[in-house]
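Taking it in order: structure first as structure tokens, then the write-up.
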Amino acid sequence: MSDNLRAEDDRDRGGDFETEFVYEAHVTIGEIVEVGETSKSIRRYIPITGGRFEGPRLKGTVLPGGADWQTERTDGGIELDALYSMRCDDGTVIIVRNQGIISPGGSYLKTTPTFTVPDGPHDWLDDFLYFGTVSGSEEPDTVVIRVYRVK
């Protein structure tokens with residue numbers, strides 16, 4: 001490795017990231033469907049049945065028909081891979097793929113959502129990286145997803 005690269009790596013150990021709140025979604029879910037064991041994991045999915053979302057620049061409903069596919073590893077960690085759609089109040093449909101991880105014991109749960117957006121008022125979602133958090137809700141059969149843009 002060249003000295004220039006090594007020096008640059010020493011200066012940038014993750015950097016100071018600024019973030020901006022994008023939206024909060026209250027996503028309703030169905031019952032867990034156990035798919036079964038593989039040689040290295042247990043597979044399941046949780047149907048996404050609807051919900052709502054709102055942020056400073058977009059607002060609307062979470063459409064039914066998506067799912068959160070989960071792979072439970074032998075160490076107890078869980079890999080998440082959710083695919084669902086959101087319809088903004090202006091009619092724009094945004095496809096969300098939200099991948100993440102839950103650490104063994106559940107102390108860490110973070111996601112990295114990506115968006116498929118048509119040209120128009122919300123195509124700014126294509127131009128940034130995002131991270132998310134997922135938590136329980138006081139509402140039954142609901143999870144709360146908060147999404148932030150990395151500036």
Side-chain angles (χ1 to χ4, degrees), residues 12-151:
D12 184 14
R13 297 195 182 271
D16 294 324
F17 292 102
E18 291 183 42
T19 61
E20 176 181 64
F21 173 72
V22 177
Y23 68 84
E24 179 176 284
H26 292 248
V27 179
T28 57
I29 56 175
E31 291 188 32
I32 296 172
V33 177
E34 295 290 342
V35 175
E37 291 188 33
T38 70
S39 62
K40 297 179 184 175
S41 64
I42 299 172
R43 295 283 287 154
R44 68 178 66 93
Y45 70 90
I46 302 172
I48 294 172
T49 60
R52 65 191 186 287
F53 67 94
E54 184 171 356
R57 296 175 67 182
L58 67 170
K59 178 180 178 180
T61 58
V62 176
L63 301 175
D68 177 10
W69 282 87
Q70 300 184 353
T71 302
E72 184 176 340
R73 304 182 316 226
T74 56
D75 68 356
I78 300 173
E79 298 170 8
L80 310 173
D81 190 4
L83 183 65
Y84 56 97
S85 299
M86 305 187 314
R87 178 178 288 124
C88 297
D89 284 352
D90 65 7
T92 303
V93 174
I94 299 169
I95 299 170
V96 182
R97 182 167 190 199
N98 201 5
Q99 296 178 295
I101 190 163
I102 304 173
S103 65
S107 63
Y108 181 89
L109 195 169
K110 299 289 186 278
T111 65
T112 55
T114 57
F115 305 95
T116 302
V117 186
D119 288 339
H122 306 294
D123 59 7
W124 56 272
L125 287 165
D126 287 333
D127 295 333
F128 299 95
L129 294 175
Y130 300 87
F131 77 90
T133 62
V134 182
S135 61
S137 172
E138 294 179 4
E139 301 170 68
D141 302 318
T142 301
V143 295
V144 177
I145 300 169
R146 290 181 184 87
V147 174
Y148 302 85
R149 175 177 73 121
V150 179
K151 300 195 312 184

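Every heavy atom of this structure was used, including side-chain atoms; hydrogens, water molecules and symmetry mates were not.
Interatomic distance, OG1 of Thr142 versus CD1 of Ile29, reported as 7.0 Å (0.5 Å rounding). Note that CZ of Arg73 and CD1 of Ile42 are 12.5 Å apart. Values are rounded to the nearest 0.5 Å. For the atom pair CD (Glu138) and NE2 (His26), the distance works out to 10.0 Å, reported to the nearest 0.5 Å. Rounding to the nearest 0.5 angstrom, the gap separating the CD atom in Glu31 from the OH atom in Tyr45 is 11.5 Å. Put simply, CZ on Arg149 and OG1 on Thr19 are 9.5 Å apart, with the number rounded to the nearest 0.5 Å. Here Asn98 contributes atom CG and Thr112 contributes atom OG1; the two are 7.0 Å apart, rounded to the nearest 0.5 Å.
Here the shortest heavy-atom pairing between Gly77 and Pro104 reads N-CG, 3.6 Å. When all heavy atoms of Asp123 and Asp119 are compared, the closest pair comes out as OD2-CA, 4.0 Å. Minimum interatomic distance between Trp124 and Tyr130 (heavy atoms only, all atoms of both residues): O-OH, 3.7 Å. What you find for His122 and Ile94 is that their closest heavy atoms are CB-CD1, 4.3 Å.
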Could you give the side-chain donor-acceptor pairs of residues 54-70 under 3.5 Å, partners two or more places apart or in another chain?
{"unit_1": "Asp68", "atom_1": "OD2", "unit_2": "Gln70", "atom_2": "NE2", "d": "3.2"}

Using atom types as modelled, flag every donor-acceptor pair under 3.5 Å from a side chain in residues 78-89 to any protein atom, sequence neighbours excluded.
{"unit_1": "Asp81", "atom_1": "OD1", "unit_2": "Arg97", "atom_2": "NE", "d": "2.9"}
{"unit_1": "Asp81", "atom_1": "OD1", "unit_2": "Arg97", "atom_2": "NH2", "d": "3.4"}
{"unit_1": "Asp81", "atom_1": "OD2", "unit_2": "Arg97", "atom_2": "NH2", "d": "2.7"}

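At a threshold of 4.5 Å between non-hydrogen side-chain atoms, the residues Val22 and Leu125 count as touching. Inter-residue side-chain proximity for Asp141 and Thr28 is flagged as unmet; no heavy-atom pair is nearer than 4.5 Å. You'll find the side chain of Val144 stays beyond 4.5 Å of the side chain of Glu139, heavy atoms only. With contacts defined as side-chain heavy-atom distances shorter than 4.5 Å, the pair Phe115/Val147 qualifies.
Sparse packing is recorded around NZ of Lys40, with 12 or fewer heavy atoms of other residues, nucleotides or ligands lying under 6.0 Å away. Within 6.0 Å of CD on Glu34 lie more than 12 heavy atoms contributed by other residues, nucleotides or ligands. Remark: Phe131 CZ is packed, more than 12 non-hydrogen atoms of other residues, nucleotides or ligands lying under 6.0 Å away.
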